[in-house]
Amino acid sequence: MATAAPSAASRIAVVTGASSGIGAATARQLAAAGYRVVLTARRKDRIEALAEEIAAAGGSATAYQLDVTDRAAVDEFATAFKTIGVLVNNAGGALGADPVATGDPADWRTMYETNVIGTLNLTQALLPKLVASGDGTVVVVSSTAGHGTYEGGAGYVAAKHGTHVLAETLRLEIVGQPVRVIEIAPGMVRTDEFALTRFAGDQEKAEKVYEGVAEPLTADDVADTITWAVTRPSHVNVDLLILRPRAQASNTKVHREL
């Protein structure tokens, strides 16, 4: 099936967490698909450089520094738009891999604020703009962690279960409105920063996550999936798409060639 070009009323796509990884890759691919991409993240220099890169490739992109957990800033950001076509809630991440008995409550709180409240903030602020477009799409980038647990992951798992439930409930609540709700749940994705951030910059621990795995997913793999789902015909809603590398059968069963 051919990719559907965005209509004039729905050609603006907001991508959160666009400074690196899945967010940056998604912004590039949506721009290539014809969207005017609005890049948001806390790291202004990163998204400005990405906007320049996209423009040099013939696309359209604007950088906007934003912390998704700052509701006042999110509400101010939303005033810049009358309508938008796509919101990609990608900002999030994991911190630590401690068991429940010794997990740091501050890490849990940060993960919840970023993954769940950040998604809530952007969705609430921009939902009227999506409805006004007449053809809107909300994408929630969750994780296979939102669909099954694993030891040492409870804080992140709890947060991603929150994003999953948010997407599922929103879809029920706005049925009949001209807005789709899509959840993309990646499994093992190797990016430059995810595992490194999770382990507070410990390169050795970060490398062990992917040790022996021939081909983890890449940010481009996930971005390609997001772009495919977004560009389906308007009446087609990809409710939930879980993707993993072939080597990963579940959150706890991964084939490693050691």
Side-chain angles (χ1 to χ4, degrees), residues 1 3-4 10 13-17 21-23 25-26 29-30 33 35 68 85-94 111-112 114-124 126-127 130-131 135-150 153-189 191 194 216-254:
M1 184 179 292
T3 297
S10 62
V14 174
V15 182
T16 69
I22 293 170
T26 299
Q29 293 199 29
L30 287 175
Y35 287 89
V68 297
V86 179
L87 167 61
V88 180
N89 285 300
N90 168 72
M111 286 187 282
Y112 190 84
T114 305
N115 290 282
V116 184
I117 302 302
T119 297
L120 178 67
N121 285 342
L122 265 294
T123 301
Q124 287 184 338
L126 292 177
L127 187 57
L130 289 154
V131 172
D135 186 19
T137 301
V138 176
V139 178
V140 175
V141 182
S142 63
S143 168
T144 54
H147 299 269
T149 192
Y150 57 93
Y156 182 58
V157 166
K160 285 304 188 182
H161 270 74
T163 58
H164 162 61
V165 170
L166 186 157
E168 190 173 55
T169 306
L170 178 65
R171 191 180 303 113
L172 295 172
E173 292 172 345
I174 65 171
V175 66
Q177 296 292 321
V179 179
R180 301 178 296 178
V181 181
I182 295 170
E183 180 186 352
I184 304 296
M188 181 183 286
V189 184
T191 63
F194 178 83
L217 297 177
T218 67
D220 284 332
D221 292 330
V222 182
D224 182 58
T225 303
I226 292 169
T227 302
W228 174 83
V230 166
T231 54
R232 294 311 85 209
S234 297
H235 69 288
V236 178
N237 195 104
V238 180
D239 284 17
L240 169 64
L241 198 159
I242 294 175
L243 65 155
R244 293 186 175 98
R246 186 172 61 189
Q248 184 183 31
S250 74
N251 289 345
T252 57
K253 189 171 183 64
V254 179

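Computed over heavy atoms, backbone and side chain alike; hydrogens, waters and symmetry mates excluded.
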Test side chain to side chain donor-acceptor pair (under 3.5 Å) applied to [X] - qualifying residues, sequence neighbours left out:
X	value
Gln124	Arg71
Gln29	none
Thr218	Asp221
Thr119	none

Under the ring pair (Phe, Tyr, Trp, His ring centres under 6.0 Å) rule, collect the residues that match up with His161, sequence neighbours excluded. none

Test ring pair (Phe, Tyr, Trp, His ring centres under 6.0 Å) applied to Phe194 - qualifying residues, sequence neighbours left out: Tyr156

Where do [X] and [Y] come nearest, in terms of heavy atoms and distance?
X	Y	value
Ala33	Thr227	CB-CG2, 4.2 Å
Asn251	Arg244	OD1-NH2, 3.9 Å
Thr16	Ala91	OG1-N, 2.9 Å
Asp220	Ala25	OD1-CB, 3.4 Å
Thr163	Ser142	OG1-CB, 3.5 Å
Thr114	Gly92	CG2-CA, 3.5 Å

Residues two or more places apart in sequence or in another chain: which of them pass side-chain contact (heavy atoms from CB on, under 4.5 Å) with [X]?
X	result
Val139	Val88, Thr137, Val141, Ile182, Ile184, Ile226, Val230
Ala247	Val213, His255
Ser250	Thr252, Lys253

Supply the atom-to-atom distance Leu217 CG to Gln248 CD, rounded to the nearest 0.5 angstrom. 7.5 Å

CG on Leu126 to CG on Leu87, rounded to 0.5 Å: 5.5 Å

Stepwise side-chain contact (heavy atoms from CB on, under 4.5 Å) test for Thr144 and Ile242: CA-CA 7 Å; Thr144 54; Ile242 294 175; 3.7 Å; yes

So, do [X] and [Y] sit near enough that their side-chain heavy atoms are less than 4.5 Å apart?
X	Y	value
Leu166	Glu183	no
Val131	Pro178	yes
Thr231	Tyr35	yes
Ile174	Leu127	yes
His164	His147	yes

Mind checking salt bridge (Lys or Arg N to Asp or Glu O under 4.0 Å) for Asp239 and listing every partner two or more places apart, or none if nothing turns up? Arg171

Determine yes or no for a side-chain-to-main-chain donor-acceptor pair under 3.5 angstrom, with Arg180 supplying the side chain and Val236 the backbone. yes

Between Asp135 (side chain only) and Gly85 (backbone N and O only), is there a donor and an acceptor less than 3.5 Å apart? no

Could you please spell out the steps behind the side-chain contact (heavy atoms from CB on, under 4.5 Å) verdict for Thr26 and Asn90? CA-CA 9 Å; Thr26 299; Asn90 168 72; 5.9 Å; no

